[in-house]
Chemist: 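Encoded as structure tokens, here's the structure I'll be asking about.
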Amino acid sequence: MEARLNLFANPFFVKVLKHINSAGKAVSDSSLPAATQELVKIRASQINGCGFCTDMHTKDAAHAGETAQRLHLVAVWREATVFTEAERAALELTEQGTRIADAAGGVSDEVWQNAAKHYDEEQLAALVSLIAIINAYNRVNVINQQPAGDYQPGMFG
């Protein structure tokens, strides 16, 4: 597979990427746990079929100390016993926030209230922002057919 555009050498996209990355930095600097952030990025990327982001975030999570078992079970988190109740709430919010077109009501009140039991307002704002940001990255990469597999942790920063 070859990318349709070399986005990283495209001056316009580099300008856009700078702003998206700034938003991502605000989230990564928030009090939302780093492990939860990676799980959210992985799950949204799996749902969206974004190989590039799935590759990147599984490798980043492993590099940060995430276990192989948990990484292998993200796609089937409902049936897995290795995630905390807070992580499960974040993963459910991620799924509903990523699949908004599939549900006429968007994110249900029940899913939101469950997340609110585990996260404070800053963390909820970070979680909502992260879901939006990773979905934007996924869409760019899927549209561009960005190949997956070559990412190395720390490669972009």
Chemist: Among all residues two or more places apart in sequence or in another chain, which pass the side chain to side chain contact (heavy atoms under 4.5 Å, CB included) test with Ser22?
Modeler: none
Chemist: Ignoring hydrogens, what is the shortest heavy-atom contact between Glu122 and Ser31? Give both atom names and the distance.
Modeler: OE2-N, 2.9 Å
Chemist: Between Glu87 and Arg70, does any side-chain N to carboxylate O distance fall below 4.0 Å?
Modeler: yes
Chemist: Can you name the closest pair of heavy atoms from Gly24 and Ile133 and give their distance?
Modeler: N-CD1, 3.8 Å
Chemist: Can you tell me which residue pairs pass the salt bridge (Lys or Arg N to Asp or Glu O under 4.0 Å) test with a partner in residues 14-25, sequence neighbours excluded?
Modeler: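 Qualifying pairs, neighbours excluded: Lys25-Asp29.
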Chemist: For Ala3, is there any backbone N or O sitting under 3.5 Å from a side-chain donor or acceptor partner on Asn144?
Modeler: no
Chemist: Can you tell me how far apart CD (Gln152) and CG (Asp60) are? Round to the nearest 0.5 Å.
Modeler: 10.0 Å
Chemist: Is any side-chain heavy atom of Thr36 closer than 4.5 Å to a side-chain heavy atom of Gln123?
Modeler: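 Not touching, per the 4.5 Å side-chain cut-off.
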Chemist: Would you give the length of the straight line joining atom CD1 of Ile47 to atom CG of Asn138, rounded to the nearest 0.5 angstrom?
Modeler: 9.0 Å
Chemist: Are the side chains of Leu39 and Arg43 in contact, using a 4.5 Å heavy-atom criterion?
Modeler: no
Chemist: Could you tell me which residues satisfy salt bridge (charged side-chain N to carboxylate O under 4.0 Å, His left out) with Arg99, sequence neighbours excluded, listed by chain and number?
Modeler: Glu95
Chemist: Taking atom CD of Glu110 as the centre, does the number of heavy atoms from other residues, nucleotides or ligands within less than 6.0 Å exceed 12?
Modeler: no
Chemist: Walk me through it: do Phe83 and Val74 pass the test side chain to side chain contact (heavy atoms under 4.5 Å, CB included)?
Modeler: CA-CA 9 Å; Phe83 301 106; Val74 172; 4.1 Å; yes
